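For reference, the structure discussed in these notes is given below.
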There are 2 protein chains.
Amino acid sequence: MEAVGRLAGVSQVTVSRALNNPSKVSAKTLERIKNAIELTGYVPNMVAGALASKRSHLIVALIPSITNFAYSEFIKHFIQVMRGYGYHVLTAETGLSQEEEESILATMLSRRPDGIMMTGINHSAKCKRMILGSGIPVVEIWDITASPIDTCVGFSHAKSGEETAKFAYEKGYRHALAISAGDERALRRKDAFCDTFNKLTQNQVDEICLPGQASLELGRSSLAQAIENGFKSGVVMCSSDLLAHGVIIEAQTRHLKIPQDIAVIGFGNQNFAAFTAPALTTVKVDRAYLGSQAAKVLMTRIDQKPLENKCIDIGFEIVARDSA
Amino acid sequence: MEAVGRLAGVSQVTVSRALNNPSKVSAKTLERIKNAIELTGYVPNMVAGALASKRSHLIVALIPSITNFAYSEFIKHFIQVMRGYGYHVLTAETGLSQEEEESILATMLSRRPDGIMMTGINHSAKCKRMILGSGIPVVEIWDITASPIDTCVGFSHAKSGEETAKFAYEKGYRHALAISAGDERALRRKDAFCDTFNKLTQNQVDEICLPGQASLELGRSSLAQAIENGFKSGVVMCSSDLLAHGVIIEAQTRHLKIPQDIAVIGFGNQNFAAFTAPALTTVKVDRAYLGSQAAKVLMTRIDQKPLENKCIDIGFEIVARDSA
DNA sequence: TTGTAAGCGTTATCAC
DNA sequence: GTGATAACGCTTACAA
């Protein structure tokens with residue numbers, strides 16, 4: 001900056017102003033500084049800038065898994081919108097474990113982010129203490145609660161499970177199998193589905209809880225296992241589209257007709273959901289909208305502007321296709 | 001740090017040393033400092049640390065797409081290994097465009113990363129100039145070249161296409177269709193496949209080049225289109241497993257037998273590849289290994305240690321399953 | 001083993 | 001509109 005200033009015939013401070021507050025610098029000097037920057041190949045140092053201004057222009061984002069399409073698509077949009085605001089997003093994987101989240105957050109906090117994005121609303125007490133202690137704005141996503149740490153943008157997983165059960169009931173299904181990944185939110189959807197379906201039909205729902213992440217493989221093996229255990233026909237509620245696709249493939253391998261013998265409902269409305277054979281009935285959550293809303297909410301907190309609503313429910317929608 | 005020092009009865013510098021060079025501090029004071037840190041809830045400031053030491057402990061990683069499983073799985077491992085080294089990874093999406101890469105790199109450089117990871121070996125001249133000018137170590141991944149910007153870890157895409165063609169020929173296929181996404185590396189695989197297959201069989205390979213990213217949908221529509229244009233039977237080489245899965249689904253919808261009527265070969269060996277029906281023959285690239293190797297190479301450059309090999313070929317492997 | 005002093009490259013505050 | 005000066009919270013010599 002010093003060198004740029006020398007070349008432009010101004011002081012270092014004026015260069016700083018030209019970069020951050022161009023309106024406070026005369027047009028002539030602005031031009032000369034611009035040229036000097038071009039000539040010297042000057043690259044601003046955000047590290048020094050962050051230290052001096054106490055604004056890192058950095059957001060820390062914590063998601064359970066980068067390879068999981070649901071989260072990666074959300075974070076993609078979140079990053080995009082944040083980039084528009086002049087922010088970089090440092091993403092980290094927590095793997096659904098509170099301890100991991102805690103330990104990662106601790107090191108991330110030393111980067112002095114201007115904002116934090118966390119997935120879900122269940123965090124350890126120590127985690128909350130660290131955040132509250134830092135005074136950094138937070139947005140919790142992918143779920144909603146009346147008492148967020150700071151703000152939240154998401155939807156009700158219980159309601160989603162409930163609506164799925166009602167949908168299945170209205171479609172005429174009276175027997176059901178629920179296949180769910182082991183994470184807390186998926187389980188909440190499954191439980192709500194089972195409760196509601198049970199109330200409506202008086203029939204107990206068969207349940208399969210998977211360890212770890214959902215996959216095509218687990219979808220296939222789960223249906224196989226259920227059939228072995230006596231499941232004959234009905235609707236299969238899956239905690240993700242990937243599991244649902246696995247169920248479809250396994251059913252077809254066994255020459256079962258979909259949706260006549262076995263109907264399938266997924267969750268997530270992933271890109272492929274409309275193109276399985278038959279096309280998958282699923283629950284759609286607008287992840288792009290979620291990303292941009294989360295970014296907006298976080299930014300208004302960072303800018304200390306008034307926020308109408310600390311919590312935003314972006315809802316969900318059941319997309320009826322051919323599999324159920 | 002000052003406050004921690006006061007509480008522990010030492011100077012601020014000693015606290016710094018206790019944190020970065022504990023061996024140079026006596027056990028007693030170390031203990032007192034540890035307690036003081038606990039009591040004050042002190043959180044180190046890496047921004048200040050980075051400015052003073054000129055080490056940001058930050059790596060910038062540029063990938064074409066976060067939602068693409070191939071890249072997200074790689075980056076997941078890269079981040080994990082880097083975390084073990086005490087580094088954070090700032091990931092950004094370039095979307096296969098050199099201009100995007102350039103503009104993103106420019107802003108990222110102002111974070112003063114200690115290392116840079118880029119996808120592919122084709123970058124704009126300005127991009128290379130910026131990197132070379134900054135003097136920051138770079139590792140280019142997912143491809144190989146004899147003349148990397150700095151270092152590279154990957155495999156030969158041309159060779160992969162070639163081997164795929166040889167495999168198909170040896171399996172007895174004499175007619176082929178190649179479906180490829182529009183990105184440069186996928187096209188290189190496709191071209192090599194077509195050339196080699198052509199030489200072996202004297203038969204021209206049908207080709208479909210897709211705009212944009214691969215998807216189940218495009219796999220299905222591509223096969224449909226090829227059949228309409230007269231493709232009757234043979235092997236279908238796809239630039240990704242997702243496309244291949246789409247081809248399988250479309251073929252089954254049309255009651256074509258796999259691999260008898262239509263054989264399918266994918267690329268990537270994604271998690272689901274072994275669990276499609278029939279299981280997908282594909283090209284496996286060890287993305288976890290790629291991630292850890294890239295991290296290792298970059299770290300030895302950052303630590304200015306000698307490097308045996310600037311370029312590492314991690315190879316690939318054709319995994320024969322039931323689809324071809 | 002510990003402390004002192006001088007930066008690191010910016011921004012913020014004030015004066016001109 | 002522009003410039004001097006003092007932070008920002010650390011690390012790195014160097015001295016004790």
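Order of the sequence lines sets the chain letters (A, B, ...), proteins ahead of strands, with each chain counted from 1. Everything numeric in this text was worked out from a predicted model, so none of it was measured.
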Touch class at under 4.0 angstrom, heavy-atom based, for Val25(A) against every strand present: sugar-phosphate
Heavy-atom closest contact (Arg17(A) atom, Val25(A) atom, distance): CB-CG2, 3.8 Å
Closest approach of Ile104(A) to Ala92(A) (non-hydrogen atoms, all atoms of both residues): CG2-CB, 3.7 Å
Residue of the set Glu101(A), Glu102(A), Gln98(A) for which side-chain hydrogen bond (donor to acceptor under 3.5 Å, both in side chains) holds with Ser124(A): Glu102(A)
Sugar-phosphate only, base, or nothing, as touched by Glu2(A) at under 4.0 Å among non-hydrogen atoms: nothing
Hey, can you pull the donor-acceptor pairs under 3.5 Å for the side chains in residues 84-91 of chain A, sequence neighbours left out?
from: Tyr87(A); atom 1: OH; to: Arg55(A); atom 2: NH1; distance (Å): 3.0
from: His88(A); atom 1: ND1; to: Arg111(B); atom 2: NE; distance (Å): 2.9
from: His88(A); atom 1: NE2; to: Thr107(B); atom 2: OG1; distance (Å): 3.2

side-chain N/O Ser26(A) vs dG1(D) OP1/OP2, d < 4.0 Å: no
Minimum side-chain heavy-atom gap Met117(A)-Phe74(A) below 4.5 Å: yes
Length of the NZ-P vector between Lys24(B) and dA13(D), whole Å: 11 Å
Ala52(B) or Val10(B), whichever maps to the more 5' nucleotide of DNA chain C: Val10(B)
Euclidean distance, atom CE of residue Met1(B) to atom P of dC8(D) [Å, nearest integer]: 15 Å
Side-chain N or O of Thr29(A) closer than 4.0 Å to phosphate OP1/OP2 of dT2(D): yes
Residue-level proximity of residues 38-50 of chain A to DNA chain D when a heavy atom falls under 4.0 Å: none
Between C1' of dG9(D) and CZ of Arg111(A), the distance in whole Å: 15 Å
Gap between atoms NZ and C1', on Lys28(A) and dT2(D) respectively (whole Å): 13 Å
Only pairs under 3.5 Å count here: list side-chain donor-acceptor contacts from residues 129-142 of chain A, not counting sequence neighbours, and write none if there are none.
from: Ser134(A); atom 1: OG; to: Ile131(A); atom 2: O; distance (Å): 2.7
from: Ser134(A); atom 1: OG; to: Ile136(A); atom 2: N; distance (Å): 3.2
from: Glu140(A); atom 1: OE1; to: Ile149(A); atom 2: N; distance (Å): 2.8
from: Glu140(A); atom 1: OE2; to: His123(A); atom 2: NE2; distance (Å): 3.0

Sugar-phosphate, base or nothing in reach of Lys54(B), heavy atoms under 4.0 Å: sugar-phosphate
Distance-minimising heavy-atom pair for Ala181(A) and Gly212(A): CB-O, 3.9 Å
Close side-chain approach of Arg287(B) and Tyr71(B), heavy atoms under 4.5 Å: no
Sugar-phosphate only, base, or nothing, as touched by Arg55(A) at under 4.0 Å among non-hydrogen atoms: nothing
Any N/O donor-acceptor pair, Arg112(A) side-chain to dG9(D) base, under 3.5 Å: no
Lys34(B), NZ: over 12 other non-hydrogen atoms inside 6.0 angstrom: no
Whole-Å gap separating P (dG1(D)) and CD (Glu31(A)): 17 Å
Least distance between heavy atoms, Cys127(B) atom then Leu105(B) atom: SG-CD2, 3.5 Å
Boundaries of the DNA chain C segment in contact with chain B, non-hydrogen, under 4.0 Å: dT1(C) to dG9(C)
Interatomic distance, Asn20(B) CG vs dT12(D) C1' [rounded to whole Å]: 11 Å
Five-pair end axes of the helix from dT1(C)-dA16(D) to dC16(C)-dG1(D), angle between them (10°): 30°
Nearest atoms (heavy-atom pairs only) where Ala18(B) meets Leu30(B): CB-CD1, 3.7 Å
Counterpart residues, salt bridge (charged side-chain N to carboxylate O under 4.0 Å, His left out), relative to Arg188(A) (two or more places apart): Asp143(A), Glu184(A)
Rounded distance in Å - CG (Leu109(A)) to P (dG9(D)): 15 Å
